[in-house]
Amino acid sequence: MNPKQILTQYWGYSSFRPLQEEIIQSVLDGKDTLALLPTGGGKSICYQVPALTLPGICIVISPLIALMKDQTEALVKKGISAKALVAGMGHREVDTILDNCIYGKIKLLYLSPERLLSPLVQARLAKMKVNLLAVDEAHCVSQWGHDFRPAYLQIASIRKFWPKTPLLALTATATEEVAADVTKQLLMHDTRVLRKSFARPNLSYQVKNTEDKEGYLLQWIRKNKGSGIVYVRTRKHTRDIASLLARAGIKASFYHAGLPGEERQMRQEQWMAGRIQVMVCTNAFGMGIDKPDVRFVVHMDMPDQVESYMQEAGRAGRDEKPAVAMLLHNRADHIELLERINASHPPFEDIRAVYQALGNFFQLPVGSGEDTSHDFDIGLFCERFQYKPAHVFHCLRVLERAGYVMLREDMFQPSRLQFLLSRQELYGYQVSHQSMDAFIKLVLRSYPGLFDDLVPVREEDLARRSHLAPQQVRDALTRMHKEEVVDYQPRKEIPQVYFPKERLHEKNLHIPPEFLKNRKELAMRRAESMIYYVTSVTRCRSIMLQAYFGEKDAKRCGVCDVCIDRNPLQLNDIEFEQVSGQLKTLLKEKNMSLSDVIQHIEGSNQDRVIKVIQWLMDHGKIKHTRENLLSWIS
């Protein structure tokens, strides 16, 4: 089948979104391709369709466990064979999946970049017939990217297994500098760069400076109907804001990584179905969610960088109908943001001490622990070693970027089950264990494929069908696991720390000082760009965002708060910029009277110059001095 036929058969669409078809064709032509698509641009289709078009298997590398799970589950529901290798899986399960990729009919294998470090994985990958290597969130491969992951540098090392296989790198948040570094680090050759404009004509970017954020939010949501997302920074804040909205009669719920996995899934489904209007959440919400009719996204707190803001705000209006991205801020937010950047870059001595404490906490001898995951009670850890949770979190993030550990806050794994005996052997077990016979038959009826693979199961469902208590079901499965009848992996719902490499002695832990210094300076520059975005009152929001990502010929959107305010002036972009630019140059040199200013402005008539001056005064860029002269406010 050709790509369009595959798109129609599996996704039900009659045509591709803009740029998708060009990206797919580039891959089918065997070209290394860098695709820059804004959030909601349909990145996954760009590698899933070629994976089904070509013989062999597609390897997808992604840092987002939740997204990998969502995508593999969605593909399986469509009848497409897909698997994911994530931290926390046992060696037997990993071994089975890799074997099925080599000898079975799996079309897409998702794995984290850290999995590439495993010799077992690399040895098996070399035996696979790979039709495409897809790198999602490709900005992570660049040291200039906002979420640099050293493990991504391993991707280049596996290209030798398939020298003629194309590589597709995808990202929604790459500046020109990052894009150039991605192609270099991934050893991409004769690369086709396909970029979709970051302009979202239907999305109205708005910024509001207010000291009463909660009051403003309440009034604003009452006026803005439809489904929405409200982003906040802390878990406590999600509960507080959701309660505020609920008390006002707005159907709202909250979501963060600390909720039990099943609770998160239930709330997400309620919001997707429209039973909840507003989801108040941390940035743990949104990855992989494809809800086209989100009418607004509100940020109650300033993101650390423009990249994060664009990704989260871009979840509004994917159906191309009018939508709003609102950001609330005040002066205190700017100070807090810069302080947060300082706090999130701890000194090396602190990072090394936390790493040492982790090894002791998990009782890992030096030289052990490679490719192992450990349940992590951060409260107990902080109590035992006298640390503050925020400080530990920041140290772990640096250790993660340096490739020593990984923190999985959202490490929810449903219970999984596989029968290890053959059908004939199992029949013999049932005959000799009559008390288990009915239960085993019920399990086999409830979940197909239990002899072939680890299958997600719900103990509560089995309990309801068997008229047993959930704990009795767990006890029965645990018993069979001990007897090696089944492989039973009970669900996990607490954070985990994963060690991609063996525990080192603290003196061998090496993070170059220049790496820490560069990361902090980069974070500061990004924070300052974010502050510039919210404080600017004269430039179109869309132009600012597009310029940040290297688009030089962006047009005024006409629908952001700045443009709406400027539209009554009836001045085109060029004339407004010419007049305001001259005013800035004149008034920065010296204060001048209105009549003198008008005489010095070229290329526009007096009425229009006065309109621009009045607009700039209204927006705090020009003021009158005591001598009644005009002065530019820097």
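- With contacts defined as side-chain heavy-atom distances shorter than 4.5 Å, the pair C382/Q386 does not qualify.
- Salt bridge annotation for D475-R479: absent, with no cationic side-chain nitrogen under 4.0 angstrom from a carboxylate oxygen.
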### Query
Between W271 and Y255, does a ring-ring contact (aromatic ring centres under 6.0 Å, His included) hold up when you go through it step by step?
CA-CA 11 Å; W271 179 75; Y255 183 108; 9.5 Å; no

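- Between R416 and D487, no side-chain nitrogen of the basic residue sits less than 4.0 Å from a carboxylate oxygen of the acidic one, so the salt-bridge criterion is not met.
- A donor-acceptor pair shorter than 3.5 Å can be found between the side chains of R503 and Q356.
- Under 3.5 Å, the side chains of T282 and H256 contain no donor-acceptor pair of N or O atoms.
- In this structure, CG on D461 lies 10.5 Å from OG on S466, to the nearest 0.5 angstrom.
- Note: Y429 and H433 have parallel aromatic rings, judged against thresholds of 30 and 60 degrees for the angle between ring planes.
- Side chains of F499 and D371 form no contact here, defined as non-hydrogen atoms less than 4.5 Å apart.
- Between the CD atom in Q430 and the CG atom in L421 there is a gap of 10.0 Å [rounded to 0.5 Å].
- When side chains are defined from C-beta on, R318 does not count as touching K291, because their heavy atoms never get closer than 4.5 Å.
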> Would D136 and Y110 count as a side-chain hydrogen bond (donor to acceptor under 3.5 Å, both in side chains) if you check the C-alpha gap in whole Å, the side-chain angles of each, and the deciding distance to 0.1 Å?
Replying inline: CA-CA 10 Å; D136 204 1; Y110 289 76; over 6 Å; no

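- Atom CG of L153 is separated from atom CG of L116 by 11.0 Å, given to the nearest 0.5 angstrom.
- The CG atom of L170 lies 7.0 Å from the CG atom of L37; values are rounded to the nearest 0.5 Å.
- Residues L167 and L132 have side chains not in contact (no heavy-atom distance under 4.5 Å, counting atoms from C-beta outward).
- Put simply, the side chain of Y10 never gets that close to the backbone of V49: no donor and acceptor are under 3.5 Å apart.
- Between D293 and R295 there is no salt bridge, since no side-chain N of the basic residue sits under 4.0 Å from a carboxylate O of the acidic one.
- Two residues are said to be in side-chain contact when any heavy atoms from C-beta on lie closer than 4.5 Å; E21 and I24 fail this criterion.
- Figure legend: R267 and F254 shown as a cation-pi pair, the cationic atom lying under 6.0 angstrom from the six-membered ring centre and within 45 degrees of its axis.
- Using a 3.5 Å distance cut-off with no hydrogens or angles, the side chains of R465 and S446 do pair a donor with an acceptor.
- Expressed to the nearest 0.5 Å, how far CG of L75 lies from CH2 of W11 amounts to 6.0 Å.
- For D95 and R92, the salt-bridge test fails: no basic side-chain N is under 4.0 Å from an acidic carboxylate O.
- In this structure, Q71 contributes its side chain and S44 its backbone to no donor-acceptor pair below 3.5 Å.
- Counted by atom type alone, E459 and S415 present one or more donor-acceptor pairs between their side chains at under 3.5 Å.
- Interatomic distance, CG of L52 versus NZ of K78, reported as 11.0 Å (0.5 Å rounding).
- If you check the side chains of T372 and H374, you find a donor sitting under 3.5 Å from an acceptor.
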### Task
Starting from the C-alpha separation in whole Å, work towards a yes-or-no answer on side-chain hydrogen bond (donor to acceptor under 3.5 Å, both in side chains) for T171 and E137.
CA-CA 5 Å; T171 179; E137 308 296 332; 5.3 Å; no

